[in-house]
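Okay, structure first, notes after.
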Amino acid sequence: MTEGLTADGAANGSWNMTDFVSPETMVQMIPSGIKLGLAPDGAGSCPAMIRLLIERGIRDLHVVCTPIGGMQIDMLIGAGAVAVLETSAISLGETGGAPCFARAIRNGELRMLDGTCPAVFAGLTAAAKGVPFMPIRGIIGSDLLKNRPDWKVTANPFDESEKIVVVSAIQPDISLIHAPEADRFGNVRLGRRREIMLLAHASKKTFVTVERISETSLLDDEKLAAGVLPAMYVSAVAEYRNAAWPTGLYTEYDLDAREVENYARAARSPEGFRAYMTGTRSAA
Amino acid sequence: MTEGLTADGAANGSWNMTDFVSPETMVQMIPSGIKLGLAPDGAGSCPAMIRLLIERGIRDLHVVCTPIGGMQIDMLIGAGAVAVLETSAISLGETGGAPCFARAIRNGELRMLDGTCPAVFAGLTAAAKGVPFMPIRGIIGSDLLKNRPDWKVTANPFDESEKIVVVSAIQPDISLIHAPEADRFGNVRLGRRREIMLLAHASKKTFVTVERISETSLLDDEKLAAGVLPAMYVSAVAEYRNAAWPTGLYTEYDLDAREVENYARAARSPEGFRAYMTGTRSAA
Amino acid sequence: MMLECTNRELLIYTISRLLAGARHVAVGMSSPMPAAGAMLRRALNKKQGREDVQVSILGSIRHNSFTGGSEELFECAAQGRIDAFFLGGGQIDGKGNVNLVGAGGYPNSEVRWPGSYGSAYLYFLVPRVILFREEHSPRVLVDQVDFISAPGVSEKGVYRRGGPHALLTSAALFSFQRDVGRFRLESVHPGRSAHEIREMTGFSFDNDGCEVQTPGPDAATLALMRNQIRTELAETYPQFAASLPEAA
Amino acid sequence: MMLECTNRELLIYTISRLLAGARHVAVGMSSPMPAAGAMLRRALNKKQGREDVQVSILGSIRHNSFTGGSEELFECAAQGRIDAFFLGGGQIDGKGNVNLVGAGGYPNSEVRWPGSYGSAYLYFLVPRVILFREEHSPRVLVDQVDFISAPGVSEKGVYRRGGPHALLTSAALFSFQRDVGRFRLESVHPGRSAHEIREMTGFSFDNDGCEVQTPGPDAATLALMRNQIRTELAETYPQFAASLPEAA
């Protein structure tokens, strides 16, 4: 082949086949300082991996919640690993407020990018569609706008009398999620948790821990296919049973409310949080 | 309840529970002059209903293809029912060009809104998300732009040096699709044909013919759920077996290539087209 | 005929009245009272042969027919397929602004709440947003919120087809008058007076001498609540359902 | 060693060479030769222990791992997850512009083709777009297209990370030089001369005296094509596969 036909257009390296690794190896593949996409509690959250990341001493994360966060985000904040937090809300659900989050806000320990759920989705959608921004209705008149340099009020190009917000694309460097199942080819079953599909499409890389690995292709079952994240979006898979404990996993196991309450009680103080993190392991 | 609490915010009537009707009744529910959303051949096309619409004498349609069209669109054009055609392409696939379409273009018998696949999707996405427009990369420098008053070149609000196209929302009044299965509650199984899901979300109303009706809810099977269009988007369902013949239905039955070839040969002339339409019924 | 009912039953019944005519009611997570009110509306309509009511309870699998992830609620609202929704808020002010973010400065709020969730969007797009907060105090119902998560009214040029419809607390029911951007006291719950409501409210409102008492459910409705609704609710909110009175 | 192979086999082999280094190749509907070339690339890489190649054939269920409907190809391309794609065209001009719409006026074209499909988008976003058209004539390879479905090059200020990489016909192989926006003749297929190519081409191009002959497959590669690739192809394109030579 002559030079003219090899010089340009080479694969850009952003895309690879899926690696199968251990949870410990996966943790080593997530560096400090990145934009990290995470799932809401109970729908893809992975507190077990968050613990491993904290033990490894991960720092300076820009965390993107899809579109809200729970216990696993509060743990990362408590460990001082979060520099920037982009979310519509953080809470422990029925249990109440997220204690480390509230403390970090009060003490000014993180940069807060407060959003609203559909604006987070709009930002992720922009990344997934490869456009720099997305328009979204609402928001105008909200104080959220004042603190978001990545949002702007513009005119609707087809009706200049309408003001409308545009939000910038949100592209996580890595997203880390937990799912019920992957197959040996790297396809991952998400079911109707389509927001996790969106997160993976929007992210440069997606790392997935799963309850189990199927030896047959999930795409061979036409019933399942619509809820399967194809392997091309999945950089690595690790089998890690019960890794969503105590936050629960959609269609697999429920929230362990008592354990989340234990956490909430302990994390009221920095000392209590540290004691909880060193004292508790997992239900597995 | 006092007046202040009943005067505003009443349901706007655009949304209803699903009606179960006969194909003949469904045809009566689709008036002339509307913006009609249709599926590509083999992925939700419904030539049997198109025939009924033509027999009823439907006229002045603005047809939106998702994002391309085939034999059923060519039939509508041949019958003189299409005033405006919005699509990325019309063809009979392996069989070749769409004869009535080419003739209508040559004779200036319809207004053509030539698009490109992702721009059709962007327009439908805008409607589904309730925004007036969506940005899309590419297109600039294409002659498509010259003929689309509903597309504009603007500046990226976050980087004024980048020119970018915005396309207006596409909201069909009614979309008409064929699917493998609906349940008694109005939920429809689409599987991984997510573009049909998008079409339904974008449309004011969606009418669905199906091969069969399930007595149990499709949403009860978590495996299926991700590929199910919920009843809230489905205005009416009619059981109509084999209604996709001869264009085929994804995961159900293949294209009848010989019949499409018969059609293509006949439709080379207006007379041949008319003879075909009156002479052929269906394989059922 | 007026019956003895608990305050919570009165609120659930009042929510059902506020939902009259709605065909699709969405209820956020951790909102048992709005969920109960929506279920009651659905049951009452069925009994009365009126239109079907769809109730989508976020976070529930059974009472939630969305198949497109948590994004679908917002798209559905934007498409005009949701008639009513509920919002709470750490603070609600007299202009209908809600604050779900925090009190005492921003971003380093002294008291920080979870965040705005979908409020900054749904408040614009859902025709009938019912503000629901049991606590009726000057701490919650303030003259001006510390942070506007979502504004009660919008200027011209901003697309808005939704907004506050009513404000319901454990003590009173207000309507929101969109033309003037103010609340109007519609009724006072049994055991309260308009004077008390004025004292308990941090903002001024119209009709502040209101003498209408919030009506409670009739016997048949109360029985429905204590049987069917209680059972339906238990699927999603077992603890809350157990706390409601049971039919004798 | 050069072997006897058919023109189609030469084209399939050449496509596989043009795909060297690509890790995800998308092939449009009704494109058996590009599909065969991509499958050959995948098989050659496997044999040589090189990187895995994913081939996504639109319209196929088996060779298509997309689960998000036909929209996903375009999103995937925008995300940088597709390295190579193929475009044809009723007309292709010397600046790399392609016309899939029609000839002789617009909108009422005398000859109307199906339409632009995804060309106006993918041409900007897929790094390596291979223009493939078997017919090599002044009718197809024109000086200037009648309608630009997608432009070969873009001005500054237009986001563009993709575009034409090569133009392959039944008679010759051209590269596209993005810096000057012109084709360069890279090789002439066996049995043709540069002079003939000039006669058969409606636009001017660089290196128009090119004496390089397009290389054919070696024995092992040809055997691979006539066995494994032919079989793989038959799943999606049975008629086309049957038309290719079979291993002895």
Side-chain angles (χ1 to χ4, degrees), chain A residues 118-119 121-123 125-126 128-139 148-169 180-181 187 189-198 201 218-219 221-230 250-252, chain B residues 118-119 121-123 125-126 128-139 148-169 180-181 187 189-198 201 218-219 221-230 250-252:
Chain A
F121 290 132
T125 300
K129 293 188 181 294
V131 286
F133 67 94
M134 281 273 290
I136 177 171
R137 283 213 163 116
I139 301 176
R148 295 297 300 247
D150 52 339
W151 296 2
K152 277 192 179 177
V153 178
T154 60
N156 171 356
F158 297 99
D159 174 5
E160 296 286 333
S161 73
E162 186 196 344
K163 291 196 280 188
I164 190 163
V165 171
V166 288
V167 302
S168 296
E181 189 175 17
N187 303 300
R189 177 158 65 84
L190 296 176
R192 52 177 128 174
R193 300 314 308 223
R194 198 100 200 150
E195 71 273 24
I196 307 302
M197 190 84 84
L198 173 63
H201 284 215
L218 296 171
L219 293 178
D221 183 348
E222 194 57 33
K223 279 189 166 186
L224 281 180
V228 171
L229 174 69
Y250 182 73
T251 72
E252 292 278 327
Chain B
F121 290 133
T125 299
K129 293 187 183 294
V131 286
F133 67 94
M134 281 273 290
I136 177 172
R137 284 214 161 114
I139 301 175
R148 294 299 299 249
D150 53 338
W151 297 2
K152 277 192 178 177
V153 178
T154 60
N156 171 355
F158 297 98
D159 174 5
E160 296 287 333
S161 72
E162 185 195 344
K163 291 197 279 188
I164 189 162
V165 171
V166 288
V167 302
S168 295
E181 187 175 17
N187 303 300
R189 178 158 66 85
L190 298 175
R192 51 179 129 174
R193 300 315 307 224
R194 197 102 201 150
E195 71 274 24
I196 306 303
M197 189 84 83
L198 174 63
H201 284 216
L218 296 171
L219 293 178
D221 184 348
E222 194 58 34
K223 278 188 168 186
L224 281 180
V228 171
L229 174 68
Y250 182 72
T251 71
E252 294 278 327

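In what follows, chains carry the letters A, B, and so on, assigned in the order in which the sequence lines appear, proteins first and then strands, with residues in each chain numbered from 1.
- At a threshold of 4.5 Å between non-hydrogen side-chain atoms, the residues B:Glu181 and B:Glu252 do not count as touching.
- Options A:Ser168, A:Pro135, A:Ala225, A:Gly227 differ in how many heavy-atom pairs under 4.5 Å they form with chain B, and the most are formed by A:Pro135.
- For B:Lys152, there are no side-chain hydrogen bond (donor to acceptor under 3.5 Å, both in side chains) partners two or more places apart in sequence or in a different chain.
- Only the backbone of B:Pro149 comes within contact range of chain A, with heavy atoms under 4.5 Å apart.
- Ranked by heavy-atom pairs under 4.5 Å with chain B, the list A:Val228, A:Thr251, A:Val131 is led by A:Val131.
- Listed here is the closest heavy atom pair of B:Gly130 and A:Arg137: O-NH1, 3.2 Å.
- Looking only at heavy-atom pairs under 4.5 Å with chain B, the residue among A:Arg193, A:Lys129, A:Glu222, A:Arg189 that has the most is A:Glu222.
- Within the 4.5 angstrom heavy-atom criterion, no atom of B:Asp159 approaches chain A.
- Proximity to chain A is limited to the side chain of B:Ile164, based on heavy atoms less than 4.5 angstrom apart.
- No part of A:Val153 comes within reach of chain B, as not one of its non-hydrogen atoms sits under 4.5 angstrom from that chain.
- With sequence neighbours left out, A:Arg194 forms a side chain to side chain contact (heavy atoms under 4.5 Å, CB included) with A:Met197, B:Arg194.
- Between A:Trp151 and A:Ile136 there is no side-chain heavy-atom pair separated by less than 4.5 Å.
- Contacts between B:Val167 and chain A at a heavy-atom distance below 4.5 Å involve the backbone alone (N, CA, C, O).
- For the pair B:Met134 and B:Phe121, the minimum side-chain heavy-atom distance is 4.5 Å or more.
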